[in-house]
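Bear in mind that the values here come from a model prediction, so they are computed numbers and not experimental data. Letters A, B, ... mirror the listed sequences (proteins, then strands); counts begin at 1.
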Amino acid sequence: MSGFEIVFSGRPIPVRPGQTIGAALHAAGIRSWRTTRINGRPRGLFCGIGVCFDCLLTVNGEPNVRACLTVARPGDEVTTS
Amino acid sequence: MKYDLIVIGAGPAGMAAAGTAARGGLRVALVDSAAQLGGQFHRQPPPELGGGNVRDDPTHERLGRDQSIEQAIQAPAPRRDFLRLRDRLTGVDLHLGCRVWAVEPSFAVHHDGGTLTGERLLIATGAHDRVVPFPGWDLPGVMTAGGAQALLKGNLVVAGRRIAVAGTGPFLLPVAAGLAAAGARVVGVFEAARQMGALARYPAKLAEGAGYAATLARYRVPYHRGQAVVAAHGADELAKVTVAKIDDGWRAIRTREIECDALAVGYGFVPQLDLPVQLGCATTRDSDGSAIVAVDDQMRTSITGVHAAGETTGVGGAELAELDGIIAGHSITGTPLPDGVRRRRERARAFARLLHEVFPVRDGWRDRLRADTIVCRCEEVPYQAICDAQALGAVDTRSLKLLARPGMGWCQGRMCGYAVARLAGEDPPPPRRPIAQPISLQNLAAYPLRSTNDDA
Amino acid sequence: MPDVVVIGAGVVGAACAYYAARAGLSVTVVDQGAVAGGTTGAGEGNVLVSDKEPGPELDLASLSAGLWSDLAAEVGGFEYEPKGGLVVAETPEVLTALTGLAAKQESSGVRAEVVTPEEYEPNIARGLAGGVYYPQDAQVQPMLAAARLLHASGAQIRTGVRVTGFTRSGDRITGVRTDEGDLPAGAVVNAAGTWAGDIAALAGLPLPVLPRRGFILVTEPLPEPLIHHKVYTAAYVTNVASEDEGLETSAVVEGTPSGPVLIGASRERVGYDRTVSYPVLARLAEQAVALFPALATRKVIRAYCGFRPYCPDHLPVIGPDPRAPGLYHATGHEGAGIGLAPATGLLISRVVTGYSGQPGRPIKSGANGRSGPAESGGQLDLDLFPFRPERFT
């Protein structure tokens, strides 16, 4: 299976099949995709294994999805949570 | 249909136990939140990324002119011990990608896709990185060592271009070696421990370490003992770290700054006890103070029908976990233990205790905290708020949580729990998390419909 | 020697310490655990007048609601939110009962308006028969409230100290024995919540305070408030007053300043069993979604239980114990302890400093529903007779 793209806030992101959304964003040089609700600080991957919930984002309208656990599918629309 | 045995966690302990029990004739379900077998140590990339292909050491191809590192990284060959564990799972029902949020007595295992029931249960939910706060640790680019490793092993993505690896423990070696071999520039490994001579008593382990050391040497990665990353800097992303020489109590002596765009940091591991605590399994303390499940020499917990194996019974690495799993599997099936397993396990357990001695976490990390340093990442609780709560009468982990909110957020204290407990002057209490994974209200409301019929 | 030893560093003990100190007394507070470590630490922080039938408890609640508002100004730092409560009825029959109750409450000085629920809560389920809005209902963060009151009292706080008995001179209580030595005191206040019966037993006194378990679900923090008031179904009122030993649940839903939504309420008499009952959690979830359909896809990240200290007649125990002079009780508030704490503390400070236990003048209900200070003639703010400890002998 060859690569495909997902869309992050309007921007196409290349994905190697099987990668998580968090990994694809990271590989594309996007390392933060959320701001915290109190201090507005940027956050991205931290624990990388589904424990810390820092990497939450919205996938195809579903909020608060863990980017580090969610395997990217062709055409996924991803926005900040 | 009720399984004879449900194994939760498909790392080395769970895989070994499930395989052993299945070969003993039991109907076994193996459940894991990840989509692939292996757990953290034997993490495999998905088949689409080339997982399962047999190739040489983890490596990257010579970079093409327009090729990024990520496009070039190839899936490494699975280790032989992983393949052996996998091949023994014939007949085991795999329930992968299932996140267990609750376990009930006699025994219902509720996950985000339904409920499994079983006569017996084996809990092998492993551990996650232990982290301590320091200024700037919430900047993007700072990751746990396990997180950087998962990104690489599971996704073939390196955490950054210039990476610092810091913390304490033998796990830093494979992380740094893997990142270097995959093409990242590892600017250094900063190991807080200083004295490691005692490890020489275990030649096989020493040889394993030497292998990683050789890799680090090949990629000119310096390995510094008695040093720590004490601060991370950057506007919106990590740009550099402050590294310090530290004394035996971990107080900083002399600092310097190193530019890097990623930091992989880990101070050992925290056993994941959510499910055994839900069941009421008795807990005890590992020699490093961690709360662990209490088990007897058959890996039986205090609750009849529940075994535990691997890191939940004490952090000690993949080999110990696998041996735990084999012993648990034979205990469950009532079959005799192969020769030498118990002896090897005792030796692996002794080595694990030695690692806790050689790679302790000292409370000196607290000296790095400034008033505005975030302690709880989820609720963004600064160190000052912890001090204020203490001034208001918070005397332990729980009252700190009630008065200042650390541990109340999304991760439920998994990240800050160790630090908050140490700030309260105690070892972390066993976690009470009746909801082990977030679950939507509508799915929770549907619980009775999916509940087990046969344990009424 | 302190004038007063308060047993219990929960919100009731904290309020007793605060008002005693304000009356000029020196106070020591002892607790076997930590500050707010018992029922207070598991509370939602309800300050309600809406859920009480007219009678002594409602009088106490009305007095207390006004005191919380004063404390928010005097002490502060505990997220006091005078957000109002909305009680909804699913059927016309229940609505008739609810509006009937509201009319009776109004004659006791409670403000209540019959309203269309969706005008107050845009996200509430459609098709409800109606609702009543209670502007005096409020919420505090109970752990912070207890800690702030204790801090403001200047009392000496001794946590991790277990009371093992009393020192006496004849019948009179002259102090407490603890595992860290004796503490002589002019007066001892038993504010030990669900454990208050055990404390009374140390003095040889029967005090039937028992635990009634409740679970709370906590959702993920919501970016925008979905729920603006404290919202509950009218069934809650009957459940609170029920004699049933079995499980009762009714939807009680509210947002918090820190983002998560809190979902209750369940009531069970199961002793101190902390075993999580998933069927109960499921019922709480189901009822919350029925009330606020938009919650369906929101995630629960936490659940916990607590134990309400209840008495067989569902009234608290407040006042001097004539069987043991020098001993005062302030307990048995069931699920209303946060709300009733200030009034309880104020009344205890009054009787400790020599106010008469006889009926005083009625509560003065001003425009904001507050009572005035009872400085005239040493009379109590309200009649403690219904709360007297010796009613169980």
Looking only at heavy atoms, what is the nearest atom pair of [X] and [Y], with distance?
X        : Y        : value
B:Arg377 : A:Arg43  : O-NH1, 3.1 Å
A:His26  : B:Val158 : CD2-O, 4.1 Å
B:Gly146 : A:Ile49  : O-CG2, 4.5 Å
B:Leu49  : A:Gly18  : CD1-C, 4.2 Å
B:Ala150 : A:Gly48  : CB-O, 3.9 Å

Who wins among [options] for the most heavy-atom pairs under 4.5 Å with chain A?
options                                : answer
B:Gln272, B:Gln412, B:His128           : B:His128
B:Val131, B:Val142, B:Leu139, B:Asp129 : B:Val142
B:Arg43, B:Arg99, B:Gln149             : B:Arg99

Between A:Phe46 and B:Trp137, how do the two ring planes meet: parallel, tilted or perpendicular, split at 30° and 60°? perpendicular
[Y] and [X], any side-chain heavy atoms less than 4.5 Å apart:
X        : Y        : answer
B:Asp236 : A:Arg41  : yes
A:Arg34  : B:Pro140 : no
B:Glu379 : A:Arg37  : yes
B:Met415 : A:Asp54  : no
A:Asn39  : B:Ile374 : yes

Measuring from atom SG of A:Cys52 to atom CZ of B:Arg414, what distance do you get when rounded to the nearest 0.5 angstrom?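 These two atoms lie 11.0 Å from each other.
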From CG (A:Asn64) to OG (B:Ser440), nearest 0.5 Å: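 One finds 12.5 Å between CG of A:Asn64 and OG of B:Ser440.
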Show your working on side-chain contact (heavy atoms from CB on, under 4.5 Å) between B:Met143 and A:Arg31 and close with a plain yes or no. CA-CA 11 Å; B:Met143 291 188 70; A:Arg31 301 200 300 171; over 6 Å; no
What part of [X] gets closer than 4.5 Å to chain A, counting heavy atoms only: side chain, backbone, both or neither?
X        : value
B:Ala235 : backbone
B:Ala262 : both
B:Gln437 : side chain

Donor on one side chain, acceptor on other, A:Gln19 and B:Asn155, under 3.5 Å: no
